[in-house]
Amino acid sequence: MTGLLGKLSDKTSLSDTEQVIAKYIIENYRELINCSTRQLAKKTFTSSATIVRFSQKLGFEGYTDFKTKFLAEMMLHRAEPHDRFVTNRDGINLIIEKVTSIELNAIKETSERINQAQFVKAVNYLRSAEHIDFYAVDNNQSVANIAAECFITAGKYSTVHTTAKIQYMQARNTPKSHVAFLISRTGENRLLIDIAKILNEKSIRTITVTANQNSTIAELSTMIFSVASTDKMEELGPRVFLTGAKYVIDVLFALLMVQVDYEEMKRKSDWLDKIFYY
């Protein structure tokens with residue numbers, strides 16, 4: 001356990017009396033919402049003053065402040081399936097809970113790895129670029145396709161090529177007015193390393209989304225977004241990386257879209273609806 005629950009479970013930092021209080025409130029947290037200082041003292045064979053001092057020791061002004069924070073953290077703790085490994089013993093409800101938890105944690109961890117300045121820097125690169133070229137292989141191309149469609153919607157010309165040969169040729173012929181977007185979970189894909197070297201030699205700005213910020217591709221990039229990942233297939237393996245990578249794309253797309261003329265965008269959308277019948 002971490003946070004406040006971790007402090008309550010750490011017996012080395014609590015006296016015998018405080019351990020009794022901590023044990024009681026963890027085991028009977030559902031009763032705590034309507035439990036006053038006096039009532040809790042009675043149930044733990046302590047005093048109201050002891051309950052207040054206990055709350056203050058944990059960094060709160062008093063018992064009410066502590067109770068609010070504790071109950072909020074306990075609700076989150078109980079709602080999350082802590083054994084997130086998907087197994088053949090799991091029923092459908094538990095699998096749904098675990099997958100939800102895995103993907104939410106992937107987004108949360110990715111968000112914690114990235115700061116606001118990185119998004120600002122990347123968006124400035126994208127806005128000033130004449131064209132955005134995507135480089136990715138295998139499953140990562142699905143994220144590249146989503147990103148390209150999003151950026152085109154936001155008014156930025158974008159290209160995704162699926163074959164390795166064409167991606168390599170694209171890098172060779174890319175002008176400096178372009179920005180390159182590389183997506184690689186390991187950051188060690190041989191094709192993308194060669195492409196990153198070419199782009200680096202041509203002084204073309206590169207934005208890399210990877211789970212390995214110390215990788216070869218990351219070192220060759222202008223900037224990187226470090227994304228959550230796991231190698232364990234029972235934790236959905238590379239799918240965690242794809243969730244984090246798509247989160248980065250969604251934030252960049254939102255930042256680009258706030259600068260778009262929505263009325264003009266709607267007129268284009270209405271025109272397309274009239275032209276395309278399939």
Side-chain angles (χ1 to χ4, degrees), residues 103-104 106-107 110-111 114 118-171 173-175 177-185 187 189 191-192 195-196 199 204-211 217 221-229 236 238-278:
E103 298 209 351
L104 288 175
I107 293 173
T110 299
S111 174
I114 302 170
Q118 289 174 279
F119 280 118
V120 171
K121 184 178 180 181
V123 167
N124 286 336
Y125 285 170
L126 296 176
R127 285 176 181 160
S128 63
E130 181 181 285
H131 200 102
I132 303 167
D133 301 315
F134 285 89
Y135 299 92
V137 298
D138 301 327
N139 288 334
N140 294 335
Q141 286 190 350
S142 64
V143 178
N145 285 324
I146 291 172
E149 292 177 8
C150 287
F151 293 167
I152 289 172
T153 302
K156 300 303 302 183
Y157 295 112
S158 305
T159 301
V160 181
H161 291 298
T162 56
T163 64
K165 182 177 180 180
I166 298 300
Q167 288 192 51
Y168 184 86
M169 291 176 63
Q170 177 177 263
N173 296 301
T174 297
S177 57
H178 288 211
V179 164
F181 214 111
L182 289 81
I183 304 174
S184 174
R185 184 173 69 91
N189 179 274
L191 168 67
L192 296 184
I195 287 174
L199 297 171
I204 292 171
R205 289 172 172 174
T206 53
I207 302 170
T208 293
V209 177
T210 182
I217 294 174
S221 302
T222 309
M223 66 168 297
I224 66 170
F225 284 105
S226 178
V227 172
S229 185
L236 302 191
R239 305 302 303 180
V240 171
F241 172 76
L242 296 180
T243 299
K246 184 178 179 299
Y247 164 77
V248 171
I249 297 302
D250 288 343
V251 174
L252 292 174
F253 173 56
L255 291 169
L256 288 172
M257 281 298 292
V258 296
Q259 301 295 320
V260 170
D261 183 336
Y262 286 108
E263 289 300 320
E264 176 64 20
M265 190 64 65
K266 186 176 186 306
R267 284 193 291 272
K268 290 180 180 178
S269 178
D270 291 342
W271 177 80
L272 286 171
D273 288 341
K274 292 178 182 179
I275 297 299
F276 289 95
Y277 300 99
Y278 46 87

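Every heavy atom of this structure was used, including side-chain atoms; hydrogens, water molecules and symmetry mates were not. We're numbering straight along the sequence, starting at 1.
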Under the side chain to side chain donor-acceptor pair (under 3.5 Å) test, which residues partner [X], sequence neighbours left out?
X      : answer
Tyr125 : none
Gln118 : none
Ser221 : Thr208
Thr110 : none

How long is the gap from [atom1] on [X] to [atom2] on [Y], to the nearest 0.5 Å?
X      : Y      : atom1 : atom2 : result
Ser184 : Ile224 : OG    : CD1   : 11.5 Å
Phe253 : Cys150 : CZ    : SG    : 5.0 Å
Ile183 : Phe241 : CD1   : CZ    : 7.0 Å

Work out which heavy atom in [X] is nearest to a heavy atom in [Y]; give both atom names and the distance.
X      : Y      : answer
Ala122 : Leu252 : CB-CD2, 3.9 Å
Lys156 : Ala129 : NZ-O, 2.7 Å
Ala180 : Ile204 : N-CG2, 4.4 Å

- Item | Ile217 and its side-chain contact (heavy atoms from CB on, under 4.5 Å) partner, picked from Leu192, Ile195, Thr206 | Leu192
[X]: side-chain contact (heavy atoms from CB on, under 4.5 Å) partners, not counting sequence neighbours:
X      : result
Leu242 : Asn139, Asn140, Val143, Arg239
Thr159 : His131, Asp133, His161, Gln170
Glu149 : none
Val160 : Phe134, Ala144, Asn145, Ala148

- Query: Does Met223 CE have over 12 foreign heavy atoms under 6.0 Å away?
  - Reply: yes
For a 4.5 angstrom cut-off between non-hydrogen side-chain atoms, does [X] reach [Y]?
X      : Y      : result
Gln141 : Gln167 : yes
Val179 : Ile207 : yes
Leu256 : Arg127 : yes
Leu182 : Val209 : no
Ser128 : Arg205 : yes
Leu126 : Phe151 : yes
Ile107 : Thr243 : yes

- Task: Mind checking salt bridge (charged side-chain N to carboxylate O under 4.0 Å, His left out) for Lys246 and listing every partner two or more places apart, or none if nothing turns up?
- Result: Asp250
- Residues two or more places apart in sequence or in another chain: which of them pass ring pair (Phe, Tyr, Trp, His ring centres under 6.0 Å) with Phe225?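 Applying ring pair (Phe, Tyr, Trp, His ring centres under 6.0 Å) to Phe225 gives Phe119.
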